[in-house]
Amino acid sequence: MYFLTGWPRRLLCPLRSEEEPFHIQPSSQRFYFAVLSETQLSIWFSRPSVLIVSYIESAKAAAQFGFYQKTQWKPDDSMIAVATVKGYILLFDVVGGGDDKYLYEPVYPKGSARVRVTPGYKEEQCAPALSLEMKKPVDLEAPITSLQSLQEDLLVCTADGYLHVLHWDGQGSNGHKAICLTTIPFSLDLQSARGGPSLELEGVYIRCMEYCVTLDGYAVVLSDGRLGFITPLSNTITADQLQGVWAADVTDGTCVAVNNKYRLMAFGTASGSVLVYMIDTTTGSMQLSHKLELTPKHYPDIYNKTGPVKLICWSPDCSVVMVTWECGGLSLWSVFGAHLICTLGEDFAYRSDGTKKDPIKISSMCWGAEGYHLWVLPNKQERRRQEEQQEVEMGEPRQSFLQAGILQFHFIKSALTVNPCTSNQEQVLLHGEDRLYLTCGDPTQVHSTSDSHAHSHLHTRDSSPLHHPPNPDSSLSQGLSTLLGHKHWHVVQIHSTYLESNWPIREQNMTVTGGLAWWNDFVVVACYNFIDQQEQLRLYQRSSNLDNAFASVTKLHSDTLLLNVFRDMVILFRADCSICLYSLERRNDSPNPSANVELLQEVSMSRYIPHPALVVSVTLTSVRTETGITLKAPQQACMAESIMLNLAGQLIMLQRDRSGPQVREKETPANNKKLLPFCPPVVLAQCVENVWTTCRSNRKKRHLLEALWLSCGEAGMKVWLPLFPRDHRKPHSFLSRRIMLPFHINIYPLAVLFEDALVLGATNETVLYDGLQGSSEPLEAVFPFCTVERTSQIYLHHILRQLLVRNLGEQALMLAQSCASLPYFPHVMELMVHVVLEEEATSREPIPDPLLPTVAKFITEFPLFLQTIVHCARKTEYALWNYLFAAVGNPKDLFEECLMAQDLDTAASYLIILQNMEVPAVSRQHATLLFNTALEQGKWDLCRHMIRFLKAIGSGEMDTPPPTPTTQEPSSTGGFEFFRNRSISLSQSADSITTGKFSLQKTYSMPTGPSAKGRDVECAENMYIDMMLWRHARHLLEQVRLRDLGCFSAQLGFELIGWLCRERNRVARVDDFVSALKRLHKDFLWPFPVIPVGSLNSPLKNGRCRTVLSTRLLKSQSADSLLNSDMDTALPPTNPTNHTWLDGLGQSAKEMDTASSAHSNQHSPQTHDAFLSLLTNKVEEYSIGSATDLTETSSVVDGDWTMVDENSSTLSLSQAELEHISMELANKGPHKSQVQLRYLLHVFMEAGCLEWCVVIGLILRDANVIKQVIGFLDSPEVPQETVQSVRNGLLAVDTWASTDCLGYKPFLNLIQPQLQQLMESASEQVQPEAFQPTSQSSKLGGSEGLGGAVVPRPEDNRGVAAPLGLALPSLEPAGGFSRPPSEDCAPEQKEEQGEDEGTYDCTLS
């Protein structure tokens, strides 16, 4: 509502004096402030805040009258009355200095083109010259305790128990009347009032008094601390016409302030709390409405130590009240008790090092014009002390003259305080004296997702705040962005010269009386026109100048006080207590768009409204109680069904009267619709500060959009929620159609987002700058710097809970389902469980009807039930878990449900619950289940957590021996059983490996000899985890899932090489080479090689390339690569098939065309797809394209085609190079896959799994690998089965290639000599000549091995070591391994063989 901003400002009085100001009093319009010191009366102007005139009493007069004490203005600002200590009233005339007399002139910078548009503008900027003339003093012969100004009279209370009525002029017969307090009859209410004097009032006088216009009476505090209210029974104040009522049981009153808009009286008490009373209209008695007090919850160390209340000030718009105490401090409350600010806690009361500050003690305070400032006079002693400190520091002699100071606190406030129209209700708009704080985005777009957010720094002192540009990508609704922490505002600075330069309307011609509202593209203004002297309703177009030339003007008959818009209707509340409805219609006939305004209906409210100033807001709404609320009449939801009136905090509703004969809409002509009359008003709620409703409708969220939202001060919020029958059923007769649900939120609500189920607000944040230290602290160090931040809160869980409490579960379910798509819906559910759990589980008494089981049952209706429960449990203390799971079910069952639903992350959360609630064996069992599932699904993060978790369980259960998990071990553990009971160290056998290529991790070793029990447990635990990892690796290898195996090894740091060494002759065998090859092609997205036959006919037909071209491209490239390899390796004439294939290149184009089409029909639709996808998708994407996609999207390829076409007769070198590149791309998979395959090849080589090396060498079509492996097969350490397996495998691949995949034939032909050698004899030694050509041809292998790189890199000539030593970006295991030295082939072979021997021994041992 109101928020502090920045630092307070100190106004120094230009006149130095020995005296301190101690009292400040504003004039009725708050343009002027009278400031009193002992013998001096000063008048200050409000804006700019400057001193106008000072009247200093002579020493002689001061001795006669005594020091000044209190002051009061005449309502028209023409006179001031000052009360003195010795009982005199001094009256001063305030004399203006004429039209052109100003104290200050605005000075504009040189060269600035200032056009004076507004003739009367000067008055606003410049303080007028005034003078004070003293009139004859009045002696009342007793100390004066209170002054109160009426229209023509001045009321003065004196300490002798009299009430004096003075005429301001002091003339005439009624110039002075005195009424004795004892003659006023007092009672507890007006009904039991009795005449005659009150003897109990002997010696009692009125300590403090204030007049309330709307109650037409005087709130008084008597000297004995009793509170009362005195009503004049007639228009004139005479002794026999006054009647008083007491407030029951209060005897410690100190001061009083009245709120005219809400008819409230706030009395301060000696205990430090403020009692707010209202008058019961039926009995006339004083009823306590609410209390304003600091709570021990928020202010534990100060709440009962504030001392008596010293001053209470209501803001000019009556929406907030400021309180200060004898011990100092300021505190702000909203009208019905919502606490907003207090300077007795947090950064206001403590320095950054934690030491306590002394609270500022205040001798007087008042609000400035419109409530943007609070003028505060600090206590004399405070200021004296500060001044003395300064003098001590400066080392100057003490001066007797001080420069008096006034503190000005700056506030920004919500637009709802002065203009509570619908336009301001769905976004937060705050305004200060010279700036606006906006939540960004078009107000009509707030509920949509196209809202962008500009952030700005809140530099309160800057004349131009720094703006960040709005973020165009932001697709958050306003409420959600606030929830996610976008706390800043868009601040619009309004310069002091803004009106003069930007306001084309003659400001002196009109004044806005009833507020502003938006209707589509028009701003609707209710104003008073001074020239025509009449009230008008004006509509200005948003896109044109604010000029009367573009305005649509409608004359009104009475002053408008409030205005609001509902769809195409305007509702006005007028000063004669009547309500008018107007229809708005856009007219497009004129060049400038304008609007047509027609009066629809007038409703007189004078019977119900005692005073027009009491109406806080008026709203037209579609909300109603009974009629047509069923689902069958949704169109009626859009109609203006009722008027909501906030009458001094009472929400009154007038519905349309549908009791008479109803005319069907079809029967009445459109232009002759007569609106239904309204029923008598009904009171819906008390203590209402703000009301929110919307004119939008949404079938899916009817509960939220057809509800009425109320803000009720300290009572929190209320929602008047519609209850719908389900599934078009007839509503129950005993169910009401609506229900009022109260709920508390932690912020002050400023806007309600209906669809988003959010309340928006703002909150004060403080920043300390007390580094500016010295013994005399500057203001900036005494007070923190205040900023205002946006904030928001979810309210849905409160409403769902209230519905469940009232057994309206069906309604709660409908409401929750309508909001289930909201991003914070899971949070709503969590909050609901959490709040109910905290309340019920910590309750001292047993709860007869607990709500938690109902809430748990309710949440099971939603898919996020499992997450909600576990998140709530983990945010709740352990002591409450038993209560929670007694209601929602056993955590073991919930864990299993998560596993069945494949929700592993939630299952992991349940595991933590189980670990705390169950014995270790149970949590180990469930952890194993989860670990295995996570391994299977490749959730590596979760796997790592589970490994850590299982180790923690092991270390945590030292007392109990670890259960042997035989139940979960399938029989495939094979040769590892002996590890369990044997105390051998694997590292010993690992040491026998001469090369030291790999070392087993420490976790594999079991302790040798006796050792601590804890170590036993730890090793057993590690062994247990390793068993599961080994089992999973075996499972992957059995299923030929090499890619998954690589990921598994890299992500979990699994020692793959060591494990493969041990499994070399068991699971690391390849049974079926062909199926393994196919599986690798599929897993690594590696294209099958394409048979290079193509056509030479024109590739560009109708501007498109035909599919045949792909094979053409492959043909020439493959031929080229084979010719190159021929030249490089100087192979003896190979196979006749190869010759035939090469010779075929020379055939005519026609033959080629038929061959190509025949081939593509028979074998290779999939080869086209695979190879082309890589070209179009830049080798990174794995989606499958098609031949035509390639040729259409790649302009480079099109260019190549035309070139190929031109040179079709001969093969030039450039063309061959191009085709070579194309072929490279065509037959290679993604670069990432290639790196992964090379890495796996390296791993299998290290581990001596030669069959897998052959398979990977085949898919990479790397002849070196095949030759190297076949070379190894001759080693005596290699078992005969392996040799046999490789031989049979290669034969099977050859057979398969001949029938199903001709693309492999060229490569098989290339390694034909090795195959022949393998067939002839496995035991024969390999001749060095056979290796010669192969090592020379390594250039080819290297260049092919580089996927993306077309030109072979120099390091590729190092033979086989280069591919093995590639950088392995994503798949290298954490343990790593020492890379083989990349020199040349021979040492590499010996090393491999040596390692084979060592590893072989280790495995067999």
Side-chain angles (χ1 to χ4, degrees), residues 866-867 870 874 895 898-912 914-915 923-954 965 968 998 1000-1004 1021-1060 1063 1067-1068 1079-1080 1082-1085 1180 1182 1230-1240 1242-1244 1247 1366-1377:
L866 295 164
Q867 291 104 299
V870 77
R874 290 189 62 183
F895 173 85
C898 291
L899 277 189
M900 284 165 63
Q902 299 288 312
D903 187 357
L904 302 191
D905 292 328
T906 308
S909 296
Y910 274 107
L911 208 49
I912 294 165
L914 285 170
Q915 185 196 12
S923 47
R924 174 203 292 273
Q925 180 189 354
H926 287 82
T928 308
L929 269 173
L930 180 57
F931 185 35
N932 286 330
T933 317
L935 281 173
E936 193 51 47
Q937 293 194 7
K939 297 274 180 74
W940 306 121
D941 274 341
L942 184 57
C943 291
R944 283 191 283 271
H945 289 312
M946 293 312 302
I947 291 173
R948 218 171 53 236
F949 184 80
L950 281 164
K951 286 180 180 173
I953 292 180
Q968 286 135 31
F998 65 94
L1000 292 172
Q1001 285 185 351
K1002 191 178 176 185
T1003 48
Y1004 296 134
E1021 202 53 57
N1022 288 336
M1023 197 66 224
Y1024 176 58
I1025 293 165
D1026 290 338
M1027 298 296 268
M1028 286 193 280
L1029 294 175
W1030 292 340
R1031 193 173 65 227
H1032 184 65
R1034 194 178 305 116
H1035 173 65
L1036 292 176
L1037 206 49
E1038 280 168 353
Q1039 295 191 336
V1040 199
R1041 287 162 59 187
L1042 285 202
R1043 187 181 186 123
D1044 292 347
L1045 182 69
C1047 285
F1048 160 72
S1049 156
Q1051 295 284 352
L1052 298 186
F1054 180 71
E1055 186 64 50
L1056 193 54
I1057 296 175
W1059 177 77
L1060 283 171
E1063 291 290 326
V1067 77
R1079 179 67 190 243
L1080 290 190
K1082 182 182 170 196
D1083 281 0
F1084 288 91
L1085 301 163
E1180 282 300 323
Y1182 303 147
H1231 179 63
K1232 189 175 174 187
S1233 294
Q1234 182 169 352
V1235 172
Q1236 290 170 346
L1237 281 167
R1238 290 271 172 202
Y1239 167 62
L1240 286 170
H1242 170 76
V1243 168
F1244 283 120
L1366 278 173
L1368 310 169
S1370 62
L1371 271 172
E1372 193 162 344
F1377 46 83

Look up atom [atom1] in [X] and atom [atom2] in [Y], then write down how far apart they are to the nearest 0.5 Å.
| X | Y | atom1 | atom2 | result |
| --- | --- | --- | --- | --- |
| Leu1052 | Ile947 | CG | CD1 | 5.0 Å |
| Leu911 | Phe949 | CG | CZ | 3.5 Å |
| Tyr1239 | Ser1049 | OH | OG | 4.5 Å |
| Asp1026 | Glu1055 | CG | CD | 11.0 Å |
| Leu1080 | Gln1236 | CG | CD | 11.5 Å |
| Leu1029 | Phe931 | CG | CZ | 4.5 Å |

Quick one: does [X]'s side chain get under 4.5 Å of [Y]'s, heavy atoms only?
| X | Y | result |
| --- | --- | --- |
| Gln1039 | Asp1044 | no |
| Leu899 | Tyr910 | no |
| Met1027 | Met1023 | yes |

Practice problem: Please work out which of the three classes, parallel, tilted or perpendicular, describes the rings of Phe1048 and His1032, given edges at 30° and 60°. | Solution: perpendicular
Atom of [X], atom of [Y] and distance for their closest heavy-atom approach:
| X | Y | result |
| --- | --- | --- |
| Ala1247 | Ile1057 | CB-O, 3.8 Å |
| Met1028 | Leu935 | O-CD1, 4.3 Å |
| Asp1083 | Leu1042 | OD2-N, 4.4 Å |
| Ser1233 | Phe1084 | OG-O, 2.8 Å |
| Leu942 | Ala908 | CD1-CB, 3.6 Å |
| Ala1068 | Leu1037 | CA-CD2, 3.7 Å |

Exercise. For residues 925-939, pull every pair meeting salt bridge (Lys or Arg N to Asp or Glu O under 4.0 Å), keeping only residues two or more places apart or in separate chains.
Key: Glu936-Arg1041
Quiz item: Is a side-chain donor or acceptor of Thr928 paired with a backbone partner of Arg924 at a separation under 3.5 angstrom?
Solution: yes
Quiz item: side-chain contact (heavy atoms from CB on, under 4.5 Å) between Arg944 and Gln1051: does it pass, once the steps are laid out?
Solution: CA-CA 8 Å; Arg944 283 191 283 271; Gln1051 295 284 352; 3.2 Å; yes
Quiz item: With Ile912, which residues qualify under side chain to side chain contact (heavy atoms under 4.5 Å, CB included), at least two apart?
Solution: Arg874, Asn916
